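This report concerns only the one structure given below.
Numbered from 1 within each chain, the chains take letters A, B, ... in sequence-line order. Nothing here was measured: the structure is a model prediction, and the numbers come from that model.
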Number of protein chains: 2
Amino acid sequence: MITNKRATILEAAKRTFSLFGYKGTSVAHVAKLAGVGKGTIYTEFKHKEEMLEAVMDDFLHDLGAIFERVKHEDERSVLKLHRALYDTLQYRKEHQLLIHLTEEVSVHGTKEAVSAMQKVEDFIMTSLERAIAQGVEKGRLQVNDTEITAFTIYKLYIAFIVDWEEKKRPLTEEELFQVFENHIFNGIVIR
Amino acid sequence: MITNKRATILEAAKRTFSLFGYKGTSVAHVAKLAGVGKGTIYTEFKHKEEMLEAVMDDFLHDLGAIFERVKHEDERSVLKLHRALYDTLQYRKEHQLLIHLTEEVSVHGTKEAVSAMQKVEDFIMTSLERAIAQGVEKGRLQVNDTEITAFTIYKLYIAFIVDWEEKKRPLTEEELFQVFENHIFNGIVIR
DNA sequence: AAATGACCGAAATATTAAAACGGTCATTTT
DNA sequence: AAAATGACCGTTTTAATATTTCGGTCATTT
């Protein structure tokens, strides 16, 4: 066999999950696309959920790359933070796999999808927390509790990128940055 | 008749909506509790939804009173804003009617419930916006767009009161205030 | 003139039958 | 002998159908 068996199956799983979501994908379907028998899949994965987990791990690796890439850019701490989060959420918003999983969570509450999306949220939150902690170390940010601050920033980005766009004109990246610059970072109180 | 007919029906509607939500309440049930025939209800309200609207109007009137009361307290602008919003959301949290409607929106998407909750959100947002505009007038706050700032504060409160409590220990009123003091009002950037 | 509840079509719910699914394993292929 | 396979199994989902409940009306009663 020229290509790795596990990789072939994983690629097929990624494709079908992206097209039909977790619930909408049958193991038989993945097997056919991968060009193997159904039984073969169970020599590589304990069950269907383990396939999703493997696909998600790949995916989280990509997300991690975004934060990593931005980290080495030579910019202000605040701008870096913004760019990493913006790119991440944009990526998340456009990726078919995540779109399907998100819908599955809200419509069917499929437990495997819930846990997969939880992983994504945790990952983003953790990356954000690390970035904030770094800003604190460098003496650029004052923060009592990095977790609370990460939560605050994360929820606001989600609110603006998801909820705001539902009823108003979407903000450009620049405008969104301004919102955060004014509110979270500088504060609105006049001194 | 000693008590007002409309008020009696409205009171019964309020009770049953609070106990069973909109979907879970039948018109016959309201009629029985109000001690009138079903037909009588339709002499006062065009349809079931109009009953809900009337109940919600009463409710929004109560909410308005909270903002009004706080407005006249002699405190810092920021503290006032916080107290008004906190009272509002605590009230909301305790109020069975809103709990049921909120669940109905997320579980069944009942259109009458969606529109009722939309009204509540709009009302809170508008009150908040007015309070912020007042802070700006008094030269206490610097804000580019009161709508965006109101949205920011509202979403953050909801996030902390709903989402944060789902996974972490609920914040006390004091802690919640600190979060807003640090993030929105003063900012986290070191100058 | 105001109040009522039996009645209507429509919508929600419960019941049942049929199909599809995840996972296994005896058999086949390499 | 080891790896791959798909027919097969019990369970879960879905589709089809029968039953109940509901919002709203209106002829009759109060």
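- Distance alone, capped at 3.5 Å, places no donor-acceptor pair between the B:Lys5 side chain and the B:Glu44 backbone.
- Side chains of B:Thr149 and A:His183: a donor on one and an acceptor on the other come within 3.5 Å.
- Comparing C:dC7, D:dA4, C:dA3 by their nearest atom to the side chain of B:Lys38 picks out C:dC7.
- Protein atom CE of B:Met51 is 13 Å distant from nucleotide atom P of D:dC22, rounded to whole Å.
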Is there a side-chain hydrogen bond (donor to acceptor under 3.5 Å, both in side chains) between B:Tyr157 and B:His82? Walk through the geometry before answering.
CA-CA 10 Å; B:Tyr157 263 87; B:His82 168 74; 2.3 Å; yes

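- Taking atom NZ of residue A:Lys32 and atom C1' of nucleotide C:dA20, one finds them 14 Å apart after rounding to whole Å.
- Sorted by first and then second residue, the salt bridge (Lys or Arg N to Asp or Glu O under 4.0 Å) pairs with a member in residues 126-151 of chain B read A:Lys168-B:Glu147; sequence neighbours excluded.
- A salt bridge links A:Lys93 and A:Glu165; the closest N-O separation between the charged side-chain nitrogens and carboxylate oxygens is under 4.0 Å.
- Nucleotide D:dA3 holds its P atom 14 Å from the CG atom of A:Asn4, rounded to whole Å.
- A salt bridge is absent between A:Glu53 and A:Lys46: the closest approach of a Lys/Arg side-chain nitrogen to an acidic carboxylate oxygen does not fall below 4.0 angstrom.
- Secondary-structure annotation of DNA chain D gives the stems C:1-30 with D:1-30, with a stem taken as at least 3 successive Watson-Crick or G-U pairs whose two distances both fall under 3.5 Å.
- Between the P atom of C:dA19 and the NE2 atom of A:His29 lies a distance of 21 Å, rounded to the nearest Å.
- Of the side-chain N and O atoms in B:Thr40, one or more sit less than 4.0 angstrom from OP1 or OP2 of C:dT4.
- A:Ile41 places its CD1 atom 18 Å from the P atom of C:dC25, with the value rounded to the nearest Å.
- Within the structure, a side-chain polar atom (N or O) of A:Lys5 is placed less than 4.0 Å from OP1 or OP2 of D:dA4.
- Here the shortest heavy-atom pairing between B:Glu49 and B:Glu112 reads CD-CG, 3.5 Å.
- In this structure, OH of B:Tyr42 is placed 16 Å from P of C:dA6, rounded to the nearest angstrom.
- In the region residues 18-27 of chain B, proximity to DNA chain D at under 4.0 angstrom, judged on heavy atoms, holds for B:Thr25, B:Ser26, B:Val27.
- Here D:dA3 presents its C1' atom at 11 Å from CD of A:Glu44, a figure rounded to the nearest Å.
- Distance CD1 (A:Ile9) to C1' (D:dA4): 11 Å, rounded to an integer number of Å.
- Interatomic distance, CD of A:Glu50 versus CD1 of A:Ile41, reported as 12.0 Å (0.5 Å rounding).
- In this pair, B:His29 and B:Phe20 present their aromatic rings tilted. The plane angle is within the 30 to 60° band.
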